[in-house]
Amino acid sequence: MQTIQYETLKTAVKDKIMTITLSRENLNAFNHQMLIELIQVFDEADANDDVRAIIITGDGKAFCAGADLGSGTSTFENKEASIEEYRDGGGMLSLRIYELKKPIIAAINGPAVGVGATMTLPMDIRIASSNARMGFVFSRRGITMEACSGWFLPRAVGISKAAELVYTGKIIPAEEALKIGLVTQVVSPEELLPAAEAIAKEIAENTSAISVTLSRQLMWKMLGASHPYESHKVESKMIHWTGQQADVKEGITAFFEKRKPNFPMKVSTDLPSFYPWWKTNNEGES
């Protein structure tokens with residue numbers, strides 16, 4: 001598969017890991033072009049069976065400095081769509097990440113503010129450099145939460161801590177982000193990408209792509225379930241189906257032969273007929 005060239009991103013695929021680097025001169029500030037390109041690169045990753053995991057990081061000193069404020073006080077104005085028709089760009093991005101078939105790791109190398117922070121919330125694992133800082137600064141700009149963060153942030157850190165972060169709009173250092181569970185580990189700047197790559201490599205070399213895809217969507221979708229029975233129903237279908245597939249045969253055979261498995265099934269062609277089991281309309285709402 002030919003790799004697409006992007007204006008606001010750098011991409012590379014090595015050892016079945018796709019690394020996406022946000023790359024704009026203004027501290028990787030988020031604009032419409034970056035939105036379009038991120039959605040496109042996620043489509044590319046989902047369609048490429050040689051991509052087993054995704055890492056996203058930032059170029060230079062920042063991960064993402066938030067929305068590009070180059071338009072000044074009119075940055076957040078939108079006169080082309082009605083209030084009912086308008087859809088937040090950050091939310092469109094978060095919904096696309098939410099539907100990903102591949103696991104995604106945020107390697108937060110520096111400041112991640114506003115949408116630079118909220119875009120990481122639907123990512124599976126967040127690792128921070130000791131240089132990283134995170135802030136949900138909307139109240140300090142007179143706007144409100146976006147990128148579906150009203151759903152994701154309380155689930156990541158709890159409602160009380162989410163309220164504190166959002167109401168104050170304060171920017172917190174990496175160690176505080178670790179303490180509240182916003183990131184899973186903090187490492188030195190030079191260890192950041194190796195740490196993310198170690199997790200991605202563990203996934204790419206040892207697991208079934210089908211199993212990871214189904215498990216990823218199960219856990220994310222069950223965050224909104226009203227009863228554990230909802231998970232039981234889907235899990236039962238998954239176990240019934242996977243138990244008859246080539247990947248489980250290979251996994252068990254590799255276990256007995258004391259070798260790494262070589263799973264044959266592909267996400268692009270071999271997902272079960274009941275996937276997706278959730279209802280999604282053309283706006284990405286589940």
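Values in this document were obtained by computation on a predicted structure and should not be read as measured data.
- Taking each heavy atom of Y6 and V41 in turn, the nearest pair found is OH-CA, 3.4 Å.
- The shortest distance between side-chain heavy atoms of T21 and N28 does not fall below 4.5 Å.
- We find that E99 and K221 are joined by a salt bridge, their nearest charged nitrogen and carboxylate oxygen being less than 4.0 Å apart.
- By the 6.0 Å contact criterion, CD on E257 is enclosed, its count of non-hydrogen atoms from other residues, nucleotides or ligands being greater than 12.
- Between L271 and T213, some side-chain heavy-atom pair lies under the 4.5 Å cut-off.
- We find the OG1-CD distance between T242 and Q245 to be 7.5 Å, quoted to the nearest 0.5 Å.
- By the 30° and 60° cut-offs, the orientation of the rings of H232 relative to Y229 is tilted.
- A salt bridge between D59 and R24 is absent, with no side-chain N of the basic residue lying under 4.0 Å from a carboxylate O of the acidic one.
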message: Between E164 and K161, is the salt bridge (Lys or Arg N to Asp or Glu O under 4.0 Å) condition met? List the steps.
response: CA-CA 5 Å; E164 178 185 339; K161 183 54 69 173; 3.0 Å; yes
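- Between D124 and R216, at least one side-chain nitrogen of the basic residue sits less than 4.0 Å from a carboxylate oxygen of the acidic one, meeting the salt-bridge criterion.
- I108 CD1 to T57 OG1: the interatomic distance, rounded to the nearest 0.5 Å, is 8.5 Å.
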- request: Please lay out, stage by stage, how D50 and K14 fare under the test salt bridge (Lys or Arg N to Asp or Glu O under 4.0 Å).
  value: CA-CA 9 Å; D50 287 330; K14 181 181 179 182; over 6 Å; no
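- Residues S188 and E191 have side chains that bring a donor and an acceptor to within less than 3.5 angstrom of each other.
- Enclosure of atom CD1 in I239 is not indicated, since only 12 or fewer non-hydrogen atoms of other residues, nucleotides or ligands lie within 6.0 angstrom.
- Between I17 and I54, every side-chain heavy-atom pair lies at or beyond the 4.5 Å cut-off.
- Using a 4.5 Å cut-off on side-chain heavy atoms (C-beta onward), W277 and K237 make no contact.
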message: As a quick check of understanding, evaluate side-chain hydrogen bond (donor to acceptor under 3.5 Å, both in side chains) for T8 and Q33, giving each step before the final call.
response: CA-CA 7 Å; T8 68; Q33 183 67 20; 6.0 Å; no
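- Side chain of K102 to main chain of V51: a donor-acceptor pair is present (N/O by atom type, distance under 3.5 Å, no hydrogens or angles).
- Environment of OH in Y167: sparse, with no more than 12 heavy atoms of neighbouring residues, nucleotides or ligands closer than 6.0 Å.
- Salt-bridge check for E176 with K170: passed, with a basic side-chain N closer than 4.0 Å to an acidic carboxylate O.
- A pairwise comparison of heavy atoms in A112 and A117 identifies O-CB, 3.5 Å as the closest pair.
- For the pair K101 and Y275, the cation-pi criterion (under 6.0 Å, within 45° of the ring axis) is not fulfilled.
- A 4.5 Å side-chain heavy-atom check between C148 and L95 finds at least one atom pair inside the cut-off.
- The heavy-atom pair separating P261 from A254 by the smallest distance is CA-CB, 3.6 Å.
- Considering all non-hydrogen atoms of both residues, E230 and A225 come closest at CB-CB, 3.9 Å.
- In summary, the aromatic rings of W278 and Y98 are positioned with their centroids too far apart to meet the 6.0 Å limit.
- V115 and A67 get closest at one heavy-atom pair: CG1-N, 3.7 Å.
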- request: Carefully, step by step, assess M119 and C64 under the rule side chain to side chain contact (heavy atoms under 4.5 Å, CB included).
  value: CA-CA 10 Å; M119 75 163 71; C64 175; 4.2 Å; yes
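- Side-chain contact check for E250 versus P264: some heavy-atom pair is nearer than 4.5 Å.
- No option in V212, L214, T207 other than L214 meets the side chain to side chain contact (heavy atoms under 4.5 Å, CB included) test with I210.
- Side-chain contact between I20 and K10 is absent, with no heavy atoms from C-beta onward closer than 4.5 Å.
- Side-chain N/O atoms of Q40 and E44 include no donor and acceptor closer than 3.5 Å.
- Between atom CZ of residue F63 and atom CD1 of residue I56 there is a gap of 5.0 Å, rounded to the nearest 0.5 Å.
- Rounded to the nearest 0.5 Å, atoms CE (M92) and CG (L35) are 5.5 Å apart.
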side-chain hydrogen bond (donor to acceptor under 3.5 Å, both in side chains) between S268 and D49, intermediate numbers included: CA-CA 7 Å; S268 63; D49 288 315; 2.4 Å; yes
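- In this structure, V157 and G181 approach most closely via the heavy-atom pair CG1-C, 4.4 Å.
- Remark: side-chain polar atoms of N109 are not paired, donor with acceptor, to backbone N or O of A128 under 3.5 angstrom.
- The backbone N or O of L182 sits less than 3.5 Å from a side-chain atom of R126, completing a donor-acceptor pair.
- Neither side chain, R259 nor T253, offers a donor N or O lying under 3.5 Å from an acceptor on the other.
- No side-chain heavy atom of T118 sits under 4.5 Å from any side-chain heavy atom of L153.
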